[in-house]
Amino acid sequence: MNERISATRRLFVMLAFPVLGMAVITPNDALAAVRLKDIAHVAGTGRANLFGYGLVVGLEGTGDGQGTKFTVQTLTSMLRRMGITVDPEQVKVKNVAAVMVTASLSPLAVRGERFDVTVSSIGDAKSLRGGTLLLTPLASADGTVHATAQGPVSTGGFAVEAQGGAGVTRNYSMVGRVPGGATLEEPLVRLTDDPTGVELALLDPDWTTAQRVAAVIAKRWGPIAEVSGPASVRVSLPADYAATQSRAAFIAELESLSVEPDDVARVVINEKTGTIVAGQHVSIAPVAIAHGGITVQIQSQPVISQPAPLSQGQTVVETQSAITVSDEEAHVVSLPGSTTIQEVAESLNAIGATPRDIIAIFQALREAGALRAELVIL
């Protein structure tokens with residue numbers, strides 16, 4: 001029996017997680033002007049969250065086990081309301097799973113509008129594939145029910161388990177969606193329209209972007225915009241629109257203005273997928289990076305020990321292990337000051353660094369104070 005164990009010896013701490021790749025935005029990919037509606041929205045028209053508790057039925061033996069008591073209680077309570085009385089001890093819920101249903105929609109949505117919901121298992125179910133969500137009320141944070149959801153659950157994956165613990169899993173089947181499965185029954189409370197103007201809320205708060213928004217508006221209508229914070233720009237209704245009370249027409253034209261947003265230097269790392277996204281303003285201070293590795297190979301051989309004749313002993317099987325260690329030649333790369341992210345990527349690729357190495361290098365650069373950017377780990 002042969003076992004091969006690989007470990008990496010670096011000047012930084014390695015992380016153990018699977019990686020897929022690295023995405024880099026180069027300095028030539030500067031942010032172009034975008035529509036104002038893509039970086040801001042009128043205050044009071046942001047997304048609203050709804051949630052509810054429900055049951056997914058019709059599963060192929062992949063539902064909750066008997067240990068999930070709340071699933072049994074929910075099922076028996078539902079049957080009792082339908083005039084069917086059953087003993088909870090006799091109910092098998094392997095085809096039923098308790099779930100939380102969540103959704104996000106605009107507060108301006110009207111009664112009867114349909115939207116998607118996300119269904120997430122909260123018990124010990126193995127998969128939601130093939131199930132159907134039963135009618136579930138969806139409430140806001142204050143407990144008011146605004147919508148109901150029902151329909152077949154789409155998971156986009158599967159999980160098959162055989163005897164002995166072996167199994168095959170494709171994607172993640174414990175969370176699914178019901179496309180268009182929710183219907184808005186009670187519209188969310190809308191804020192009273194301000195006839196004198198509008199308040200713009202930036203999706204990504206930034207003082208520079210807010211000043212640019214005010215400047216673009218001033219160029220079109222004059223000094224009618226005032227920056228009240230990094231995420232807020234107050235815009236007064238121009239005289240020609242105020243005279244005709246065409247607030248909606250003004251907002252429509254306002255949203256079509258082109259603005260060049262600013263961004264901060266940021267490196268985002270998703271440890272679950274191994275994806276790295278680095279912005280154009282990321283730079284590196286003068287630093288040297290060493291890259292090398294050590295491989296440990298363990299060979300195990302069974303050794304059989306036979307007892308002496310007529311000794312009534314037992315045959316014993318033991319294992320002898322031989323360990324071989326091979327050390328790779330270390331690679332060192334030196335990066336000058338104000339190095340761009342594109343130059344960093346080219347240098348790391350030149351020494352054969354994998355995406356896993358690159359993630360660890362960015363973390364080490366941040367700890368060393370050489371990464372001039374915000375490091376965000378998801």
Side-chain angles (χ1 to χ4, degrees), residues 20 47-82 84 86 88 90-107 109-141 143-163 165-188 270 272-273 378:
L20 298 179
R47 308 293 292 180
N49 296 319
L50 302 177
F51 74 102
Y53 168 81
L55 293 178
V56 171
V57 299
L59 302 175
E60 193 176 3
T62 59
D64 294 334
Q66 290 299 113
T68 311
K69 298 299 182 182
F70 51 83
T71 304
V72 177
Q73 293 173 358
T74 305
L75 183 59
T76 55
S77 297
M78 181 188 67
L79 293 176
R80 190 178 300 112
R81 289 195 301 270
M82 299 174 66
I84 304 173
V86 295
Q90 302 300 320
V91 176
K92 307 296 183 182
V93 294
K94 63 179 182 179
N95 295 335
V96 182
V99 296
M100 292 301 297
V101 184
T102 56
S104 176
L105 75 160
S106 170
V110 297
R111 180 180 286 105
E113 183 170 334
R114 302 186 67 87
F115 53 95
D116 298 353
V117 294
T118 300
V119 179
S120 307
S121 171
I122 60 174
D124 57 356
K126 297 180 177 62
S127 174
L128 299 180
R129 184 178 65 90
T132 300
L133 175 68
L134 294 182
L135 189 65
T136 304
L138 300 179
S140 56
T144 303
V145 176
H146 291 278
T148 56
Q150 180 172 280
V153 179
S154 174
T155 60
F158 63 86
V160 179
E161 185 174 344
Q163 294 182 352
V168 177
T169 301
R170 177 67 57 84
N171 297 336
Y172 191 73
S173 57
M174 301 300 295
V175 177
R177 290 183 69 83
V178 183
T183 303
L184 188 63
E185 307 289 349
E186 183 64 30
L188 299 165
N270 189 327
K272 301 180 184 66
T273 63
L378 302 179

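Sequence positions, counted from 1, serve as the residue numbers for this chain.
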Problem set entry | Minimal non-hydrogen separation, F115 against L105, with atom names | CE2-CD1, 3.9 Å

Exercise. Going through the distances and angles, do M78 and L134 end up as a side chain to side chain contact (heavy atoms under 4.5 Å, CB included)?
Worked result: CA-CA 11 Å; M78 181 188 67; L134 294 182; 3.7 Å; yes

For this session: Test side chain to side chain contact (heavy atoms under 4.5 Å, CB included) on K94 and L59 and set out the steps.
Result: CA-CA 8 Å; K94 63 179 182 179; L59 302 175; over 6 Å; no

Exercise. In chain order, what residues pass the salt bridge (Lys or Arg N to Asp or Glu O under 4.0 Å) check against D116, with sequence neighbours excluded?
Worked result: R177

Problem set entry | Verdict with reasoning, R114 to T183, per side chain to side chain contact (heavy atoms under 4.5 Å, CB included) | CA-CA 5 Å; R114 302 186 67 87; T183 303; 2.9 Å; yes

Problem set entry | Where A97 and G63 come nearest, the two heavy atoms and their spacing | CB-CA, 4.4 Å

For this session: Could you pull out the closest heavy-atom pair between G65 and D124, with the gap in Å?
Result: N-OD1, 2.8 Å

Problem set entry | Residue that, paired with L75, satisfies side chain to side chain contact (heavy atoms under 4.5 Å, CB included) out of V96, V57, V86 | V96

Exercise. Charged N to carboxylate O below 4.0 Å: is that the case for E185 and R111?
Worked result: no

Exercise. Considering the options V101, V117, T136, which one meets the side chain to side chain contact (heavy atoms under 4.5 Å, CB included) requirement together with V178?
Worked result: V117

Exercise. Would you say the side chains of S127 and S173 form a donor-acceptor pair under 3.5 Å?
Worked result: yes

Exercise. Below 4.5 Å, heavy atoms only, C-beta onward: do L184 and V110 meet side chain to side chain?
Worked result: no

Problem set entry | Chi angles and distances behind the side chain to side chain contact (heavy atoms under 4.5 Å, CB included) call for S140, L50 | CA-CA 5 Å; S140 56; L50 302 177; 3.9 Å; yes

